[in-house]
Amino acid sequence: MKDFFKFLAFTSVLFFTSCGAYFNQPMYQEPSRTGEFSKSTKPLLDLPEAAKKVEVAVYNFSDQTGQYKAVENGSTFSTAVTQGATTILIKALEDSGWFVPIERENLQNLSTERNIISNTKKEYIKNINPNEPPLPPLLYAGLLLEGGIISYDTNIITGGIGARYFGLGGSAKYRQDRITVYLRAVSTNNGEILKTIYVSKTILSQAVDANFFRFVKFQRLLEIETGVTQNEPVQLAVKDAVEKAVHDLIIEGIQDGYWSAKGINENEKIVANYIKEKEEDESTLLFDRLKSESPYNNTISLTNGASLYDGDYSGRKLGYMWRLGYEHKFTPHLQAEIAGGLFHLKYVRTSHYFGYGDLNAKFTILPNENLTPYVYAGAGIVTNIGENLDVNGIPIESFFPKVQIGAGIIYRLSNRIGIKFYGEQNILFNDKIDNLISGKRNDFYYNFGFGLNYNFSFTRGASSNQSLN
């Protein structure tokens, strides 16, 4: 029973912290309800009132991906995304308050019904009332909206985590898909494409489960399983993307002078907010990583940290380390670095101070992002700057060649200033830095540092037109 209580504690933590849907499981039939808002519904509804509504027609806004739902076994003719995107777009146009949507998707049905009404009036009603007015003409649109769902990419990110110990285990998995929508506005006056809007939306699926499998007594097996899976509805993702596209179309139309809100101040305000949001979106790469390219080719860094000796003596302790470095960027990914500094090695009965100089080749993995890991390797030399004799009165050598490899993370606070954390291993070419030759391998030590980077260019005005992040 002790193991059973462990299982209960484990599953409680798992579900309380990661899956609220577990406690909202459907246990009974629910009545119909008004459809949910998407993340883009409220911004669309909050737009200011239009100075004049625009008549707009949508003939077809369809699924252009041609994809069908993926199944584990067999085949299916069910499509991956909704085929009713035209209806979703018309609803978004209506909700915005900026357009007068005109029926064009089922124009044949509308024309047939108008013919029935016209013939009925002609054959019957006019005999009773000769002054019966004719059927009013159809509205015509000044704007056509075209486009569709052009991409549905599945499994762009998948991952998870799990653990099992003596029959007690659990796991969490996730998957992210992505849907892409294009919307273009076409002038019916001359066929000119006035604006084209591109919007993408990710779709998240999550699964959490826990299980317990254990013999609690002889020939008594206890097995418990529980879990929950939560999938974001594809229809709601399409609605979100379409509403965002309509919202952006309205604001870009204001920006280009095709239509206007009531009040000039309203125009300026919403356009300014949109431009700021669009700049942020355009600086964000796939997988929500921020793109931030630095215009500077040179960097000075100052680092403080700790050194940890690993040699022939036991009883290792952390010592002090500082480092000053200069690096030049040849490409966004590749830099060369020269650095030097001081470190303090501590072990059993004594300690020594050393100076060092390094020459490294550095590879930055994500150079256009604010947060990026990097790796480096190179060669260097260590020199003894402390006492020339050890505790036994034996002379200590002065110079020790070495190679070093390391990795770290840089976070750019701005184009000029960044902070970094790194760790490196320094492998010496001999076994004499602690003045004790023992064992088969040479001495080595670790450095761990945290510091600041300052980026600059030697050319005056090289970054005068670059804005700080």
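Numbering starts at 1 and runs along the sequence shown.
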Can you tell me if [X] uses its side chain to pair, donor with acceptor, with the backbone of [Y] under 3.5 Å?
X      : Y      : result
Ser96  : Leu93  : yes
Lys52  : Trp259 : no
Glu55  : Tyr140 : no
Thr120 : Ile116 : yes
Asn304 : Trp322 : no

Open item on the list: Would Thr188 and Leu144 count as a side chain to side chain contact (heavy atoms under 4.5 Å, CB included) here? Give the steps.
Closed with: CA-CA 7 Å; Thr188 58; Leu144 284 178; 3.7 Å; yes
Check whether the side chains of [X] and [Y] place a donor and an acceptor atom closer than 3.5 Å, and report yes or no.
X      : Y      : result
Thr154 : Asp177 : no
Tyr296 : Asn415 : no
Asn211 : Arg164 : yes
Thr299 : Asn455 : yes

Applying ring-ring contact (aromatic ring centres under 6.0 Å, His included) to Phe363 and not counting sequence neighbours gives His333
Contacts of Tyr422 meeting ring-ring contact (aromatic ring centres under 6.0 Å, His included) (sequence neighbours excluded), chain-then-number -> none
For [X], side chain to side chain donor-acceptor pair (under 3.5 Å) partners two or more places apart:
X      : value
Asn115 : none
Thr364 : Gln335
Gln67  : none

Measure across [X] and [Y] and return the closest heavy-atom pair with its distance rounded to 0.1 Å.
X      : Y      : answer
Ser62  : Thr86  : N-OG1, 4.5 Å
Ser457 : Asn297 : OG-N, 3.8 Å
Leu366 : Pro373 : CD1-CD, 4.1 Å
Ala92  : Leu44  : O-CD2, 3.5 Å
Asn267 : Ala261 : OD1-N, 2.9 Å
Pro367 : Thr372 : N-OG1, 4.3 Å

Can you name the side-chain contact (heavy atoms from CB on, under 4.5 Å) partners of [X], sequence neighbours left out?
X      : value
Ile193 : Arg184, Val186, Thr196
Asn189 : Ser187
Thr180 : Ile150, Ser151, Arg178, Tyr182, Tyr198, Ser200

_Quick check on Lys173: does its NZ atom have over 12 non-hydrogen neighbours (other residues, nucleotides or ligands) under 6.0 Å away?_
no
Nearest-0.5 Å distance, [atom1] of residue [X] to [atom2] of residue [Y]:
X      : Y      : atom1 : atom2 : answer
Tyr68  : Ser78  : OH    : OG    : 9.5 Å
Glu223 : Phe212 : CD    : CZ    : 10.5 Å
Thr41  : Asp240 : OG1   : CG    : 7.0 Å
Lys239 : Ser38  : NZ    : OG    : 5.5 Å
Ile179 : Gln235 : CD1   : CD    : 10.5 Å
Glu252 : Leu194 : CD    : CG    : 12.0 Å

Partner of Leu145 under side-chain contact (heavy atoms from CB on, under 4.5 Å), picked from Ile197, Leu249, Asn60, Ile90, is Leu249
Carefully, step by step, assess Val234 and Thr82 under the rule side chain to side chain contact (heavy atoms under 4.5 Å, CB included). CA-CA 8 Å; Val234 178; Thr82 176; over 6 Å; no
Pairing residues for [X] by the salt bridge (charged side-chain N to carboxylate O under 4.0 Å, His left out) criterion, not counting sequence neighbours:
X      : answer
Glu103 : none
Arg104 : none
Lys244 : Asp248, Glu277
Glu327 : Lys362

Self-check item: Distance flag, aromatic centroids of Phe458 and Phe456, threshold under 6.0 Å
Solution: yes
Can we call the ring centroids of Phe330 and His328 under 6.0 Å apart? yes
Does the side chain of [Y] come within less than 4.5 Å of [X]'s, by heavy atoms?
X      : Y      : answer
Tyr411 : Ile419 : yes
Gln255 : Lys195 : no
Leu183 : Leu89  : yes
Val242 : Phe61  : yes
Tyr152 : Ile203 : yes
Lys420 : Ser301 : yes
Leu45  : Phe37  : yes
Tyr174 : Thr158 : no

Practice problem: Mind telling me whether Phe213 and Phe215 have parallel, tilted or perpendicular rings, with 30° and 60° as the class edges? | Solution: perpendicular
For this session: Check the pair Ile417, Tyr454 against side chain to side chain contact (heavy atoms under 4.5 Å, CB included), reporting the backbone distance first and the verdict last.
Result: CA-CA 5 Å; Ile417 304 297; Tyr454 178 76; 3.6 Å; yes
- request: Please lay out, stage by stage, how Ile254 and Trp98 fare under the test side chain to side chain contact (heavy atoms under 4.5 Å, CB included).
  value: CA-CA 11 Å; Ile254 293 173; Trp98 281 70; 3.4 Å; yes
Run Lys262 and Glu266 through salt bridge (charged side-chain N to carboxylate O under 4.0 Å, His left out) and show every step you take.
CA-CA 7 Å; Lys262 284 187 177 179; Glu266 291 289 345; over 6 Å; no
